[in-house]
Structure formats: structure tokens, C-alpha cells
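Below: one structure, written as C-alpha cells.
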Amino acid sequence: MRSTIPLLMWATIAIAAFLPSQAALADDVMVFTANQEFLSRVYLMDSAGLVTGYHQYDFYRLVGMEVVEGELYIAEAFAPRVLNLDMVSGDLEVFIDDWSLYYFYDVAFDGTYFYVDEWDLNRYDVNGDYAGTASFDENVLGCAWDGQYFWTLDDTDLIKCWDLSGWPSVTPVVSNNFAPPSPLCRGLFFDGEFFWSAESGDSPGKIFRFDHSGIVAKEWPEPA
């Protein structure tokens with residue numbers, strides 16, 4: 001089975017994780033995004049962490065990613081958009097375009113809805129149409145859905161757990177909270193078994209794959 005790993009980053013780096021990929025790609029693909037000022041790159045890497053290619057975008061700030069049925073979705077921090085990215089051609093297609101908001105920093109999918117965080121938590125259906133807002137006063141640097149709970153990486157060096165079953169109420173599950181592998185981590189992705197995140201800084205750091213307690217299962221050097 002082919003798989004894709006989205007990596008997400010911020011001022012310098014992004015995150016990715018193993019999931020089904022497009023047929024033209026190699027067996028296992030990690031997708032890593034890095035941005036600096038008005039320039040973003042999306043790197044394709046093999047399972048050993050070697051770069052096999054990249055796509056470059058001027059005047060974009062591409063950040064958090066999600067994979068749904070082999071399709072890669074990526075949030076854009078300069079505009080309130082989620083884009084569908086063709087990993088082979090590099091083409092971007094607008095999927096969510098909500099100019100009632102200001103920016104998006106990550107995107108997660110629970111099997112029914114896409115979630116993006118601005119100042120509140122907003123959700124959209126599989127057509128990209130708005131489907132509601134929940135009050136959510138968190139400074140989110142990454143988010144993911146693990147099949148049961150919504151998880152956020154925030155600016156207090158914590159990965160926090162949230163129960164969305166009472167939507168639009170968002171209930172914290174504080175007993176599940178844990179620290180990321182590094183205080184420099186930005187972005188969050190879940191591959192069905194493990195979380196992923198990547199360090200953001202002035203020089204390349206590490207990509208981490210880790211469990212629900214923050215214990216690292218594997219790590220790779222970042223390509224940029």
C-alpha cells in the first residue's frame with residue numbers, strides 16, 4: 001500500500017505523515033512543507049527521509065496539512081484558505097475559501113468534517129462548505145484527529161486533547177495532554193497510529209514520529 005506523510009511547518013518548517021498517496025508517487029511518501037517570509041516549498045521525501053523532489057510557491061505561506069483518501073489538503077496562513085495540492089504536478093486548487101475569517105494555520109479531518117482554527121474552531125463539510133463554529137480560545141500551532149479526539153499543539157509547549165462529541169461545545173480532556181518531543185515543534189499530523197510534528201527554527205531541525213505520550217518512535221533530519 002502506498003502512503004503519504006504530510007509535514008507541517010511555520011516560519012521555517014512543516015509536518016507530514018504516512019497515508020495513501022497518489023498512484024504516480026513512490027511506495028512511501030513523506031510530504032514536508034517549509035516556509036520563509038513570502039516563499040513556501042513542499043518537499044516529497046522517501047521513507048528514509050531523502051528528498052525526491054519539491055514544489056515551490058511564491059507569495060504563499062503553506063502550513064498545516066491533512067490527507068483524506070489519498071488527497072493532500074494544505075492550509076494557507078496568508079489567506080483563509082485550504083488548498084488541494086496535487087503532489088505530482090504541484091498544482092493548487094482552492095477547496096475552502098472563507099473570507100469572513102483572517103487566516104488558517106492547520107487543518108484536520110474527522111471522517112465527516114474538516115476543522116480549521118482561527119480564533120475559534122470552524123468546521124466545513126466534504127464539499128468545503130461552512131458547517132459551524134465553536135468557541136475555542138486557543139493559540140493553535142497544529143491540529144489532528146486520531147479517530148476519537150481532536151488534538152492541538154499550542155504555544156504553551158503542550159499537545160492538548162479535546163472532545164468534540166458535544167459540538168459546538170469543545171470539552172478539554174486534560175488527563176490525555178502531553179508535551180511534544182521538542183518545544184520548537186510546529187504542526188501536528190496523525191497517521192492512524194502515531195503523531196508527527198517538525199521543528200521550526202533558523203536552521204533545519206528534526207521531523208518526529210511519536211506516540212500519545214510523546215515518546216519518539218522515529219526521527220529524521222529536515223530537508224530545509
Side-chain angles (χ1 to χ4, degrees), residues 2-10 13-22 25 28-35 40 42-45 55 57 60-77 79-88 90-98 101 103-118 121-131 136 138 140-154 159-162 164 185-198 207-210:
R2 294 183 175 88
S3 52
T4 304
I5 307 163
L7 297 175
L8 153 86
M9 77 168 265
W10 299 83
I13 287 182
I15 346 169
F18 283 112
L19 286 178
S21 70
Q22 296 173 32
L25 298 176
D28 291 317
V29 179
M30 290 193 290
V31 184
F32 175 90
T33 108
N35 64 68
S40 288
V42 176
Y43 290 89
L44 303 182
M45 304 163 63
H55 304 294
Y57 306 92
Y60 282 87
R61 191 166 192 159
L62 302 177
V63 284
M65 290 182 281
E66 178 64 287
V67 178
V68 180
E69 297 182 353
E71 296 290 327
L72 182 70
Y73 295 88
I74 186 165
E76 214 285 289
R81 285 177 168 172
V82 173
L83 307 165
N84 181 265
L85 190 155
D86 186 309
M87 291 176 284
V88 177
D91 292 343
L92 296 171
E93 181 180 353
V94 175
F95 173 64
I96 295 172
D97 193 27
D98 191 344
L101 305 177
Y103 59 80
F104 295 152
Y105 277 152
D106 205 350
V107 55
F109 183 67
D110 70 357
T112 302
Y113 295 105
F114 289 86
Y115 295 86
V116 296
D117 181 76
E118 189 211 27
L121 187 62
N122 300 276
R123 72 182 188 181
Y124 300 81
D125 65 21
V126 293
N127 298 312
D129 296 325
Y130 174 75
F136 194 64
E138 292 286 316
V140 174
L141 305 177
C143 65
W145 177 262
D146 74 346
Q148 181 178 8
Y149 294 116
F150 182 71
W151 298 81
T152 60
L153 171 64
D154 71 8
I159 293 176
K160 295 181 179 179
C161 180
W162 308 89
L164 303 186
C185 281
R186 298 292 183 270
L188 195 63
F189 179 83
F190 187 73
D191 66 7
E193 183 179 5
F194 290 98
F195 291 101
W196 295 71
S197 192
I207 298 165
F208 300 104
R209 189 183 192 216
F210 53 96

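A 4.5 Å side-chain heavy-atom check between Thr152 and Asp117 finds every atom pair outside the cut-off. Contact annotation: the side chain of Ile96 never approaches that of Val107 to less than 4.5 Å [non-hydrogen atoms, C-beta and beyond]. Side-chain contact check for Asp98 versus Asn122: every heavy-atom pair is 4.5 Å or farther apart. Annotation: side chain of Leu164 is in contact with side chain of Trp145 (closest heavy-atom distance under 4.5 Å). Considering only heavy atoms from C-beta on, Arg209 comes within 4.5 Å of Asp191 through its side chain. The side-chain heavy atoms of Arg61 and Tyr103, taken from C-beta on, include no pair separated by under 4.5 Å. Between Val82 and Tyr124 there is no side-chain heavy-atom pair separated by less than 4.5 Å. Between Phe109 and Val126 the shortest side-chain heavy-atom distance falls below 4.5 Å.
Tyr115 meets the ring pair (Phe, Tyr, Trp, His ring centres under 6.0 Å) test with Phe150, Trp167; sequence neighbours excluded. Annotation: ring pair (Phe, Tyr, Trp, His ring centres under 6.0 Å) contacts of Tyr73 (sequence neighbours excluded): Phe95, Phe114. Residues that satisfy the ring pair (Phe, Tyr, Trp, His ring centres under 6.0 Å) test with Phe136, not counting sequence neighbours, are Trp162.
Between Trp151 and Phe190, the ring centre distance reaches or exceeds 6.0 Å.
Ring-plane geometry between Tyr57 and His55 is classed as tilted, the angle between the planes lying from 30 to 60 degrees on a 0 to 90 degree scale.
Nearest heavy-atom pair across Lys160 and Glu138 is NZ-OE1, 3.2 Å. The nearest pair of heavy atoms linking Tyr43 to Ala34 is CE1-CB, 4.4 Å. When all heavy atoms of Leu72 and Val67 are compared, the closest pair comes out as CD1-CG2, 3.8 Å. Scanning both residues, Ser40 and Tyr60, for their nearest heavy atoms gives OG-O, 2.8 Å.
Interatomic distance, Asp106 CG to Ile74 CD1, rounded to the nearest 0.5 Å: 9.5 Å. Going from atom CD of Glu93 over to atom CG of Leu83 covers 9.5 Å, rounded to the nearest 0.5 Å. For the atom pair CE (Met30) and CE (Met45), the distance works out to 4.0 Å, reported to the nearest 0.5 Å. If you take CH2 on Trp196 and CZ on Phe208, they are separated by 12.0 Å, rounding to the nearest 0.5 Å. Taking SG of Cys161 as the start and CD1 of Ile159 as the end, the distance is 11.0 Å to the nearest 0.5 Å.
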Stepwise side chain to side chain contact (heavy atoms under 4.5 Å, CB included) test for Val63 and Glu76 | CA-CA 6 Å; Val63 284; Glu76 214 285 289; over 6 Å; no

Pair Met87-Leu85, side chain to side chain contact (heavy atoms under 4.5 Å, CB included): steps then yes or no | CA-CA 6 Å; Met87 291 176 284; Leu85 190 155; 4.0 Å; yes

Under the side chain to side chain contact (heavy atoms under 4.5 Å, CB included) rule, what do Glu66 and Phe189 come out as? Steps first, then yes or no, please.
-> CA-CA 7 Å; Glu66 178 64 287; Phe189 179 83; 3.3 Å; yes

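Looking only at distances, no side-chain donor or acceptor of Asn127 sits under 3.5 Å from a matching main-chain atom of Asp129. The backbone N or O of Cys185 lies less than 3.5 Å from no partner atom in the side chain of Ser197, so there is not a single donor-acceptor pair.
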